[in-house]
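What follows is a short report on a single structure.
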Amino acid sequence: MDYRYFDDFTVGEALEMGEITVTEPDIIAFAEQFDPQPMHTDPQAAEGITGGLIASGWHSASLTMRLFVTGRPFTLAPGSVGLGVEHLKWHRPVRPGDTLRLHAELIAARPSASRPGHGIITSRLVTRNQRGETVLEMTTSAIVAKRPSTGQQS
């Protein structure tokens, strides 16, 4: 397994991470379970509310997370875990047929004060549609294990 440790990250590095096309059934299924508002679940009602069906913002955020995890060419080192989202903004709605792409940039990295064998990385994630329009922007942080000393298993 190609693990990536805190020591392997460089502030400023950026990745383009995959793409996913959103369908009307995807939008409705997510919304029926997690955000059952008519602009997400009823195409006819949505016409009068938002000019057509739109994905829940939480669906858009979930798709961003999926791209962030599945689109990177590495696996975070064992013991790594997300710490939270410091910033989340929905810029424009995601509609059926939109193809989303993710741009991720590492904007900060620092050793953990409370866990000496770990560091904290902060990433800026920007999700864009097929027209290059930003649909979502978020800033997230994760605690990532430092590379083990020689003689320890990775």
Side-chain angles (χ1 to χ4, degrees), residues 1-23 26-37 39-41 50 54-154:
M1 176 102 15
D2 183 24
Y3 289 125
R4 191 126 187 237
Y5 294 88
F6 174 75
D7 320 73
D8 301 326
F9 288 94
T10 303
V11 172
E13 69 180 278
L15 290 171
E16 299 299 322
M17 298 184 172
E19 66 179 39
I20 190 164
T21 299
V22 185
T23 68
D26 293 335
I27 290 171
I28 292 170
F30 183 95
E32 284 177 341
Q33 188 168 7
F34 301 109
D35 192 359
Q37 298 182 71
M39 68 282 238
H40 308 315
T41 59
T50 54
I54 62 170
S56 164
W58 299 113
H59 189 184
S60 301
S62 295
L63 291 169
T64 296
M65 189 65 199
R66 177 182 174 155
L67 289 170
F68 189 49
V69 172
T70 63
R72 54 186 177 217
F74 57 84
T75 300
L76 289 177
S80 302
V81 66
L83 294 175
V85 175
E86 291 93 37
H87 168 81
L88 172 61
K89 182 168 182 162
W90 294 289
H91 290 271
R92 62 181 356 102
V94 171
R95 297 190 180 272
D98 279 353
T99 297
L100 305 180
R101 293 175 183 84
L102 178 62
H103 174 85
E105 180 181 357
L106 185 69
I107 59 173
R110 64 176 175 82
S112 171
S114 61
R115 296 184 67 189
H118 292 75
I120 297 171
I121 61 171
T122 302
S123 301
R124 179 173 176 259
L125 309 180
V126 179
T127 306
R128 293 185 177 95
N129 63 23
Q130 67 279 4
R131 292 177 297 282
E133 300 165 330
T134 299
V135 299
L136 178 148
E137 182 181 350
M138 73 168 87
T139 304
T140 65
S141 291
I143 189 159
V144 179
K146 291 182 179 178
R147 185 169 297 286
S149 302
T150 306
Q152 292 181 351
Q153 283 188 328
S154 55

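At least one donor-acceptor pair under 3.5 Å links the side chain of E13 to the backbone N or O of T10. Looking only at distances, no side-chain donor or acceptor of H118 sits under 3.5 Å from a matching main-chain atom of S112. No donor-acceptor distance shorter than 3.5 angstrom exists from the side chain of R66 to the backbone of T70, with no hydrogens or angles considered. Listed for the E105 side chain is no donor-acceptor partner under 3.5 Å among the backbone atoms of R124. Under the 3.5 Å distance criterion, the side-chain polar atoms of D7 are matched with a main-chain donor or acceptor of R147.
Comment: R101 does not engage E16 in a salt bridge, judged by the lack of any side-chain N to carboxylate O separation of less than 4.0 angstrom.
Closest approach of K146 to P116, counting heavy atoms only: NZ-O, 3.4 Å. Listed here is the closest heavy atom pair of S56 and D35: OG-OD2, 2.7 Å. Of all non-hydrogen atoms in D2 and P73, the two that sit nearest each other are OD2-O, 3.7 Å. Scanning both residues, L67 and L100, for their nearest heavy atoms gives CD1-O, 3.9 Å. The shortest non-hydrogen separation linking A31 to T41 is CB-CG2, 3.6 Å. When all heavy atoms are compared, the tightest approach of A145 to P78 is CB-O, 3.5 Å.
With a 6.0 Å cutoff to the six-membered ring centre and a 45° limit on the axis angle, R4 counts as a cation-pi contact of F9.
A donor atom on one side chain and an acceptor atom on the other are found under 3.5 Å apart for T127 and T64.
Side-chain contact between N129 and R92: present, with at least one pair of heavy atoms (C-beta onward) separated by less than 4.5 Å. In this structure the side chain of L15 reaches within 4.5 angstrom of the side chain of F74, judged on heavy atoms. Side-chain contact between T99 and I20: absent, with no pair of heavy atoms (C-beta onward) separated by less than 4.5 Å. Residues L88 and L136 have side chains in contact (heavy-atom distance under 4.5 Å, counting atoms from C-beta outward). Looking only at side-chain heavy atoms (C-beta outward), R128 and H103 come within less than 4.5 Å of each other. Residues T21 and Q130 form no side-chain contact, since every pair of their non-hydrogen atoms from C-beta on lies 4.5 Å or further apart. In this structure, the side chains of I27 and P96 come closer than 4.5 Å at one or more pairs of heavy atoms.
Taking the six-membered ring where tryptophan is involved, the planes of Y3 and Y5 are perpendicular, since the angle between them exceeds 60° and thus also 30°. W90 and W58 have perpendicular rings, their planes meeting at more than 60° on a 0 to 90° scale where under 30° would count as parallel.
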Could you please spell out the steps behind the side-chain contact (heavy atoms from CB on, under 4.5 Å) verdict for L63 and V22?
CA-CA 9 Å; L63 291 169; V22 185; 3.7 Å; yes
Show your working on side-chain hydrogen bond (donor to acceptor under 3.5 Å, both in side chains) between T140 and S123 and close with a plain yes or no.
CA-CA 5 Å; T140 65; S123 301; 4.8 Å; no
Full working for side-chain contact (heavy atoms from CB on, under 4.5 Å) between I54 and V94:
CA-CA 6 Å; I54 62 170; V94 171; over 6 Å; no
Show the numbers, then the answer: is there a side-chain contact (heavy atoms from CB on, under 4.5 Å) between E86 and T122?
CA-CA 9 Å; E86 291 93 37; T122 302; 3.9 Å; yes
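To the nearest 0.5 Å, atom CZ of residue R110 and atom CZ of residue F6 are 9.0 Å apart. Note that CG of L125 is 7.5 Å distant from CE of M17, once rounded to the nearest 0.5 Å.
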